[in-house]
Amino acid sequence: MPKQKTHKASKKRFRVTASGMLKRAQAGKKHLNSHKTGKRKRQLRAKLVEIGKITKKYVEIMGGKA
């Protein structure tokens with residue numbers, strides 16, 4: 001059976017942590033920022049760690065072990 005290919009779009013957007021969770025950036029920071037408060041933009045800088053059922057699917061797609 002051939003190896004499973006890495007999903008390149010997911011590889012660019014997510015990282016798999018050592019414990020197998022998914023780490024991603026938050027949406028809403030790319031454009032239309034002038035009317036957003038500094039606090040809001042600062043909080044959007046933080047990375048999120050996902051732990052849901054969908055996380056397992058994405059970790060497998062990216063070649064990690066879920």
Side-chain angles (χ1 to χ4, degrees):
M1 190 167 165
K3 292 181 179 178
Q4 186 176 2
K5 290 187 177 179
T6 304
H7 192 263
K8 296 298 183 181
S10 297
K11 186 92 175 148
K12 291 169 190 168
R13 289 168 176 78
F14 311 123
R15 280 185 64 184
V16 180
T17 63
S19 58
M21 293 186 287
L22 211 64
K23 198 169 157 185
R24 68 172 179 86
Q26 294 188 69
K29 185 94 184 357
K30 294 291 183 185
H31 65 113
L32 301 174
N33 290 317
S34 58
H35 73 280
K36 293 174 187 167
T37 64
K39 179 183 177 181
R40 186 165 158 197
K41 289 184 278 193
R42 199 163 46 249
Q43 288 173 341
L44 285 171
R45 250 187 255 151
K47 305 287 183 220
L48 291 180
V49 177
E50 298 287 338
I51 328 169
K53 283 186 177 182
I54 202 158
T55 302
K56 186 178 178 187
K57 180 181 120 179
Y58 277 105
V59 170
E60 286 172 4
I61 283 173
M62 290 172 53
K65 292 181 177 75

Over all heavy atoms of both residues, which pair between Val59 and Gly20 is shortest? Give the atoms and the distance, please.
CG2-O, 3.6 Å
In residues 11-18, what donor-acceptor pairs under 3.5 Å come from side-chain atoms, sequence neighbours left out?
from: Arg13; atom 1: NH1; to: Ala9; atom 2: O; distance (Å): 2.9
from: Thr17; atom 1: OG1; to: Ser19; atom 2: OG; distance (Å): 3.3
from: Thr17; atom 1: OG1; to: Met21; atom 2: N; distance (Å): 2.9
from: Thr17; atom 1: OG1; to: Met21; atom 2: O; distance (Å): 3.2

Would you say Leu48 and Ile54 are hydrophobically clustered, going by side-chain heavy atoms of ILVMFWY under 4.5 Å?
no
What closest approach, in Å, do Gln4 and Ile61 show between heavy atoms, and which atom pair accounts for it?
NE2-CA, 4.4 Å
Residue pairs, two or more places apart or on separate chains, that pass side chain to side chain donor-acceptor pair (under 3.5 Å) and touch residues 25-49:
none
